[in-house]
Amino acid sequence: MNVLIDWIEGINWTKLVLDIGIVALKLIAIIIIYYIVKSIGKRTIQKVFERSTKKLTSGRAHTLQALCINVFTYFLLFIVIGIIFELFGLDIKALLAGAGIIGLAIGFGAQGLVSDVVTGFFILLEKQFDVDDYVTVAGIDGVVEEIGLRTTKLRGSDGTVHYIPNRNIGTVSNYSRGNMRALVDISISHNEDIDKAIQVLQDVCDRIQDEDDNIVEGPNVIGVQSLETSSVVLRVIGKTKTDAQFGVERKLRKMMKEALEQNGMTIS
């Protein structure tokens, strides 16, 4: 007990408080500088990609911009951590050497993470999809909001956000590359005049083609698609601009239903 009291009395409290205050001020200064540099770096990267929009598509520019900002942030954070270690008198080189040994030990258990990073790299390299593309990956439909080296972020049609590990991305279906196909099947009764029904539907297709700038080719009635037990299925096909196919299909269904009913025909 006396030893503890002697030790406490021997502490230079003024110097201790001063040292703690200096360290605290340095930490605050480091944190402030970190956020300033991060903000400047982020704005610089954004400006660079804003100027490159003529060379890159909008989705591609957003994809690479988000990736560059993430890499820059991690790199800056790594530097800040190293400075803080040095501030407390820790040997950063020894820590890195120890981290390397520990990393090697746990590397066998991080194969999933490595697979995510490798797959993410090839997704970006091969330009399989970009931000704002409508895709199907890992059995999930949605619009790409973010592509990272570890995960891909999709927003579904119902607003749900899906975080998909890149290693789970196998086959990619991208609906935002080139012209898309609008396809509509209309079922009419066996008792109806098929030739008349085809003509009525084609008139609707011609009218929509003149009205809708999203239509690139057609639409046209290609004829009888199949014969069902209680109906005859007529198929209409056209080509639209990217991501416009669903809107065109909805318009076709509405106008074709109204046209058939106006001509006294029954939809099965």
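Reckoned from all heavy atoms, side chains included, excluding hydrogens, waters and symmetry mates.
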- Item | Verdict with supporting geometry, Phe78 and Thr73, side chain to side chain contact (heavy atoms under 4.5 Å, CB included) | CA-CA 9 Å; Phe78 178 78; Thr73 301; over 6 Å; no
- Task: Any chance you could lay out the side chain to side chain donor-acceptor pair (under 3.5 Å) test for Asp195 and Gln199, step after step, and finish with the verdict?
- Result: CA-CA 6 Å; Asp195 290 333; Gln199 185 58 52; over 6 Å; no
- Message: Could you walk me through whether Val224 and Val233 satisfy the side chain to side chain contact (heavy atoms under 4.5 Å, CB included) test, starting with their C-alpha distance in whole Å, then the side-chain angles of each, then the deciding distance to 0.1 Å, before giving a yes or no?
- Response: CA-CA 6 Å; Val224 178; Val233 180; over 6 Å; no
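Residues Phe246 and Val248 form no side-chain contact, since every pair of their non-hydrogen atoms from C-beta on lies 4.5 Å or further apart. Using a 4.5 Å cut-off on side-chain heavy atoms (C-beta onward), Val131 and Glu145 make no contact. Within the 4.5 Å cutoff, the side chain of Thr152 has no heavy atoms near those of the Glu146 side chain. Under the 4.5 Å side-chain criterion, counting only non-hydrogen atoms from C-beta, Ile164 is not in contact with Thr151. Val137 is listed as a side-chain neighbour of Leu154, based on a closest heavy-atom distance under 4.5 Å. Using a 4.5 Å heavy-atom threshold, the side chains of Val232 and Ile194 count as touching. Under the 4.5 Å side-chain criterion, counting only non-hydrogen atoms from C-beta, Val135 is in contact with Val144.
Going from atom CD1 of Ile215 over to atom CD of Gln209 covers 6.5 Å, rounded to the nearest 0.5 Å. Atom CG of residue Asp141 and atom NE2 of residue His162 lie 8.5 Å apart, to the nearest 0.5 angstrom. One distance of note links OH of Tyr134 with CZ of Phe129; it measures 14.0 Å at 0.5 Å rounding. Taken from CG in Leu260 to CG in Leu234, the straight-line distance is 8.5 Å, to the nearest 0.5 Å. Taken from NZ in Lys196 to CD1 in Ile188, the straight-line distance is 11.0 Å, to the nearest 0.5 Å. Between atom CD of residue Glu211 and atom NZ of residue Lys251 there is a gap of 6.5 Å, rounded to the nearest 0.5 Å.
Side-chain atoms of Gln202 come within 3.5 Å of backbone atoms of Val221 as a donor-acceptor pair (strictly under, hydrogens ignored). Although no hydrogens or angles enter the test, the distance criterion places no donor-acceptor pair under 3.5 Å between the side chain of Thr160 and the main chain of Gly156. Asp212 places a side-chain N or O within 3.5 Å of a backbone atom of Asn214 that can act as its donor or acceptor partner. A donor-acceptor pair is defined here as one N or O able to donate and one able to accept, closer than 3.5 Å; such a pair exists between the side chain of Asp133 and the backbone of Asp130. Within the 3.5 Å criterion, the main-chain N or O of Ile222 finds no donor-acceptor partner in the side chain of Asn220. Of the possible donor and acceptor atoms, none in the side chain of Gln245 sits under 3.5 Å from a partner among the backbone N and O of Arg181.
Summarising the geometry of Gln128 relative to Asn174, their closest heavy-atom pair is O-ND2, 3.1 Å, with the distance given to 0.1 Å. Minimum heavy-atom separation, Lys42 to Phe72: N-CE2, 4.4 Å. Residues Ala138 and Asn168 approach most closely at CB-O, 3.7 Å, considering heavy atoms. The nearest pair of heavy atoms linking Pro219 to Cys205 is O-CB, 3.2 Å. The shortest heavy-atom contact between His190 and Glu228 is NE2-O, 2.9 Å. A pairwise comparison of heavy atoms in Ala182 and Thr240 identifies CB-CG2, 3.9 Å as the closest pair.
Other residues, nucleotides and ligands contribute more than 12 heavy atoms inside 6.0 Å of the NZ atom of Lys153.
Val236 and Ile267 fall within the same hydrophobic cluster, defined by Ile, Leu, Val, Met, Phe, Trp and Tyr side-chain heavy atoms under 4.5 Å apart, directly or through other members. Ile140 and Ile147 fall within the same hydrophobic cluster, defined by Ile, Leu, Val, Met, Phe, Trp and Tyr side-chain heavy atoms under 4.5 Å apart, directly or through other members. Connection of Ile31 to Ile81 is established within a shared hydrophobic cluster, with ILVMFWY side chains joined at heavy-atom distances below 4.5 Å, either directly or through further cluster members. Under the 4.5 Å side-chain heavy-atom criterion for ILVMFWY residues, a single connected hydrophobic cluster contains both Val37 and Ile83. When hydrophobic clusters are built by joining Ile, Leu, Val, Met, Phe, Trp and Tyr residues whose side-chain heavy atoms come closer than 4.5 Å, directly or via intermediates, Leu77 is grouped together with Ile79.
Using a 4.0 Å cut-off between charged nitrogen and carboxylate oxygen, Lys257 and Glu261 count as a salt-bridge pair.
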